Amino acid sequence: MDASRVNVNRAPCALCTTKNKRCPKNCEFAPYFPAEKLGEFESAHKLFGTPNIMKMMRLVSEDENKGMLASSILMEGDAWKKDPVRGGFGIIQKLKWQIELRKLYLNELKEKIKVEKEKTELRL
Ligand SMILES: [Zn+2]
């Protein structure tokens with residue numbers, strides 16, 4: 001085996017660990033799925049399957065887009081782990097609901113300010 005191709009400076013990436021294979025020094029997935037992301041990657045692996053994640057990553061050409069795709073894959077995996085029924089859609093629904101509640105609260109505050117301003121103007 002060529003020793004220069006074996007990774008000696010860092011832990012094997014999450015993808016190679018999941019596939020139970022050696023992580024080469026120049027592993028194409030290591031920058032996007034470092035060892036620290038193993039837990040998140042395992043969730044994504046359960047959702048998409050590692051071969052599909054590899055296919056998706058290889059379809060994207062630019063590094064910047066690969067980074068965004070890797071983040072999306074990890075976030076989706078995490079979302080489905082937390083909410084096995086609604087996944088990412090559940091998170092969006094929850095955030096929309098929180099926005100609506102805050103809009104209602106903001107309108108309530110605006111109305112109180114308006115009433116107080118009117119009271120102040122009447123006293124002047
Ligand atoms: Zn690797």
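Just so we're clear, the structure is a prediction, and the values are computed from it rather than from any experiment. Just the heavy atoms: all of them, side chains too, but no hydrogens, waters or symmetry mates, feed the values below.
Between Lys81 and Glu40, none of the side-chain N atoms (NZ, or NE/NH1/NH2) sits under 4.0 Å from a carboxylate O, so this pair counts as no salt bridge. A salt bridge links Arg86 to Asp83: at least one charged side-chain nitrogen sits closer than 4.0 Å to a carboxylate oxygen.
Under the 4.5 Å side-chain criterion, counting only non-hydrogen atoms from C-beta, Pro34 is not in contact with Cys13. The side-chain heavy atoms of Ile92 and Trp97, taken from C-beta on, include no pair separated by under 4.5 Å. Counting heavy atoms from C-beta on, the side chains of Leu47 and Ile73 never come closer than 4.5 Å. Contact check for Phe33 versus Ile53: side-chain heavy atoms found under the 4.5 Å cut-off.
Across every non-hydrogen atom of Gly77 and Ser43, the tightest pair is O-CB, 3.4 Å. Across Tyr32 and Ala70, no two heavy atoms sit closer than the pair CB-CB, 3.6 Å. Closest heavy-atom contact between Pro12 and Thr17: O-OG1, 3.6 Å. The shortest heavy-atom contact between Cys16 and Cys27 is SG-SG, 3.8 Å. Closest non-hydrogen pair, Phe41 versus Ala14, comes out as CB-CB, 3.6 Å.
Met75 CE: 12 or fewer foreign heavy atoms inside a 6.0 Å radius. Crowding of Glu64 atom CD: a count of heavy atoms from other residues, nucleotides or ligands under 6.0 Å not exceeding 12.
Judged purely by atom type and a 3.5 angstrom limit, Asp78 has no side-chain atom pairing as donor or acceptor with the backbone of Leu74. A donor-acceptor distance shorter than 3.5 angstrom exists from the side chain of Lys66 to the backbone of Met57, with no hydrogens or angles considered.
For the residue pair His45 and Thr50, a side-chain donor N or O sits within less than 3.5 Å of a side-chain acceptor on the partner.
Separating the CG atom in Leu69 from the CG atom in Leu59 is a distance of 9.0 Å, to the nearest 0.5 Å. Summarising the geometry, atom CE belonging to Met56 is positioned 9.5 Å from atom OG belonging to Ser72; distances are rounded to the nearest 0.5 Å. The CZ atom of Arg10 lies 10.0 Å from the CD atom of Glu36; values are rounded to the nearest 0.5 Å. In this structure, NZ in Lys96 is found 7.0 Å from CZ in Phe89, a value given to the nearest 0.5 Å.
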Evaluate Met54 against Glu28 for side-chain contact (heavy atoms from CB on, under 4.5 Å), listing each step before the verdict.
CA-CA 10 Å; Met54 292 167 74; Glu28 65 183 298; 5.9 Å; no
Chi angles and distances behind the side-chain contact (heavy atoms from CB on, under 4.5 Å) call for Phe48, Glu76
CA-CA 9 Å; Phe48 298 111; Glu76 280 294 327; 4.0 Å; yes
Evaluate side-chain contact (heavy atoms from CB on, under 4.5 Å) for Phe29 paired with Arg58, printing each intermediate quantity in order.
CA-CA 10 Å; Phe29 303 108; Arg58 286 178 175 149; 3.7 Å; yes
